[in-house]
**Q** 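Let me begin by handing over the structure; questions about it come next.
All values derive from a computational prediction rather than experimental measurement. Heads up: numbering here begins at 1 and tracks the sequence. Values below: every heavy atom of this structure, side chains too, minus hydrogens, waters and symmetry copies.
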Amino acid sequence: SNNVEGGFLFVTTPELDRIFNIEMGQGRFWSPAEYYSGADKMLLGYEVAKELFGALNPIGKEIKMQGRRFEVIGVLAASGDELINPLDFDDAIIVSYNNASRYINLRTSDRWGGTLAVKARAGVSLEQLQDDVRGTIRRERRLRPKEDDNFSMNQMSMVADQLEGFFGALRGVGFIIGFLSILVGGVSVANIMFVSVKERTSLIGVKKALGAKKYVILIEFLIESIILCLIGGLIGLFLVYVITAGISQAIPFNITLDFGNAMIGIVLSAIIGIVSGMVPALLAARLDPVEAMRS
């Protein structure tokens, strides 16, 4: 005697799970014979099945919709707030195209808004897929070469739109943390270089007394500062690689370290080394040889 309101009817073909990454919680999809014969068998979203049957097993039960009786052969796994699937099927009532065409005029596109969902195979670029789909639909609609398309093609970007706000905030926090890290790291490297100059003051005096030019001393300490920062930068990149690899194993999509970002990190590390080591290097280069040897 239970009924449900607020669900939506979804008319589809058997490839639904391959296009939208759908998992079955219970039961199965239509068999080829059931689909092509238009059998009165349907799939239910998780929330619809829960409201109709509660703790009972829905598989094999019958429900009535628009005066017709349907057998429930499958219940989709709960999607909830999952972002991987661009459509929320928790409230869906899913019937096959061949079944719905027996009691719904699916060719009236102005009312029902028919849509083709297409997914590229592995190794096929998005541009190639769009060209193939456009050519196929134009041939089906018998459009001449100079005629404009009488259909629209849209790239699925719901997931990207939903994640953009999250990653925008994450980038803002990352910039703040990165700036503070650069500031603290630069000060730390400068302190290390000041200590290095202090400990090697007498050695610097000996080098200058033997004829070492100011720029030689300057370059020596700058190279040392740059190497320190590059070592720190490479360790940081290694840690980022390990963390992203671990996260990729825990979630259903891959997160990778972009090569361009890695190069930016290395170049930035070298720049920080130059900036942080410049003052200590200048101080070392300007030391008086006699005073330096006496210290």
Side-chain angles (χ1 to χ4, degrees), residues 18-21 79 81-87 117-134 152-194 196 215 218-282:
R18 293 163 55 189
I19 298 294
F20 292 107
N21 194 32
S79 59
D81 297 328
E82 184 179 348
L83 296 178
I84 302 304
N85 286 327
L87 293 177
V118 183
K119 182 179 181 180
R121 289 181 177 177
V124 178
S125 66
L126 180 60
E127 292 74 16
Q128 180 181 347
L129 176 66
Q130 290 174 334
D131 291 340
D132 291 346
V133 171
R134 175 174 282 107
S152 61
M153 296 180 60
N154 301 301
Q155 180 181 351
M156 186 64 73
S157 57
M158 294 180 182
V159 175
D161 292 340
Q162 292 174 348
L163 292 177
E164 183 59 33
F166 169 75
F167 283 113
L170 194 62
R171 280 194 295 270
V173 174
F175 277 122
I176 295 174
I177 295 176
F179 174 77
L180 293 176
S181 299
I182 290 173
L183 184 62
V184 173
V187 172
S188 300
V189 171
N191 286 334
I192 292 173
M193 295 308 300
F194 276 119
S196 179
Y215 71 87
L218 178 68
I219 292 175
E220 176 186 344
F221 282 93
L222 281 180
I223 290 175
E224 182 177 341
S225 176
I226 292 171
I227 290 175
L228 280 174
C229 290
L230 286 177
I231 292 174
L234 291 174
I235 293 173
L237 288 174
F238 175 74
L239 291 176
V240 170
Y241 173 79
V242 172
I243 291 171
T244 53
I247 294 176
S248 296
Q249 295 295 324
I251 60 179
F253 54 88
N254 291 327
I255 297 178
T256 58
L257 176 61
D258 182 71
F259 177 76
N261 289 337
M263 292 305 299
I264 291 174
I266 293 174
V267 172
L268 189 59
S269 296
I271 293 174
I272 295 171
I274 294 173
V275 173
S276 301
M278 182 60 71
V279 174
L282 286 172

**Q** Measure the shortest side-chain to side-chain distance between K119 and R18 over non-hydrogen atoms and say whether it is less than 4.5 angstrom.
**A** no
**Q** Of all residues at least two apart in sequence or in a different chain, which pass the salt bridge (Lys or Arg N to Asp or Glu O under 4.0 Å) check with E220?
**A** R200, K207
**Q** What residue pairs, at least two apart or across chains, pass salt bridge (Lys or Arg N to Asp or Glu O under 4.0 Å) with a residue in residues 172-181?
**A** none
**Q** Rounded to the nearest 0.5 Å, what's the gap from OG on S276 to CG on L222? Could you check?
**A** 10.5 Å
**Q** Measuring from atom CD1 of I223 to atom CG of L218, what distance do you get when rounded to the nearest 0.5 angstrom?
**A** 9.5 Å
**Q** Looking at G277 and M193, what are the two nearest heavy atoms and their distance?
**A** CA-CG, 4.4 Å
**Q** A side-chain contact here means heavy atoms from C-beta on lying under 4.5 Å apart; do V279 and F194 qualify?
**A** yes
**Q** Please report, to 0.1 Å, the donor-acceptor pairs under 3.5 Å made by any side chain of residues 264-275, with sequence neighbours excluded.
**A**
from: S269; atom 1: OG; to: G265; atom 2: O; distance (Å): 2.9

**Q** Which residue pairs pass the salt bridge (Lys or Arg N to Asp or Glu O under 4.0 Å) test with at least one member in residues 179-192, sequence neighbours excluded?
**A** none
**Q** Less than 3.5 Å apart, which donor and acceptor atoms pair up between the side chains of residues 181-189 and the rest of the protein, not counting sequence neighbours?
**A**
from: S181; atom 1: OG; to: I177; atom 2: O; distance (Å): 2.8
from: S188; atom 1: OG; to: V184; atom 2: O; distance (Å): 2.8

**Q** Sequence neighbours left out, what pairs pass salt bridge (Lys or Arg N to Asp or Glu O under 4.0 Å) with at least one residue falling in residues 178-189?
**A** none
**Q** What distance separates D132 CG from Q130 CD, expressed to the nearest 0.5 Å?
**A** 10.5 Å
**Q** Just by distance, do the side chain of S248 and the backbone of T244 share a donor-acceptor pair under 3.5 Å?
**A** yes
**Q** Listed by chain and number, what are the side-chain contact (heavy atoms from CB on, under 4.5 Å) partners of A117, not counting sequence neighbours?
**A** I19, F20
**Q** Which residues satisfy the side-chain contact (heavy atoms from CB on, under 4.5 Å) test with S125, sequence neighbours excluded?
**A** E127, Q128
**Q** I need the R134 CZ to M153 CE distance, nearest 0.5 Å.
**A** 5.0 Å
**Q** Just grab all the side-chain hydrogen bond (donor to acceptor under 3.5 Å, both in side chains) pairs involving residues 166-177, residues at least two apart or on different chains.
**A** E164-R171
**Q** Which side-chain N or O atoms in residues 228-242 pair as donor and acceptor under 3.5 Å with protein atoms at least two apart or in another chain?
**A**
none

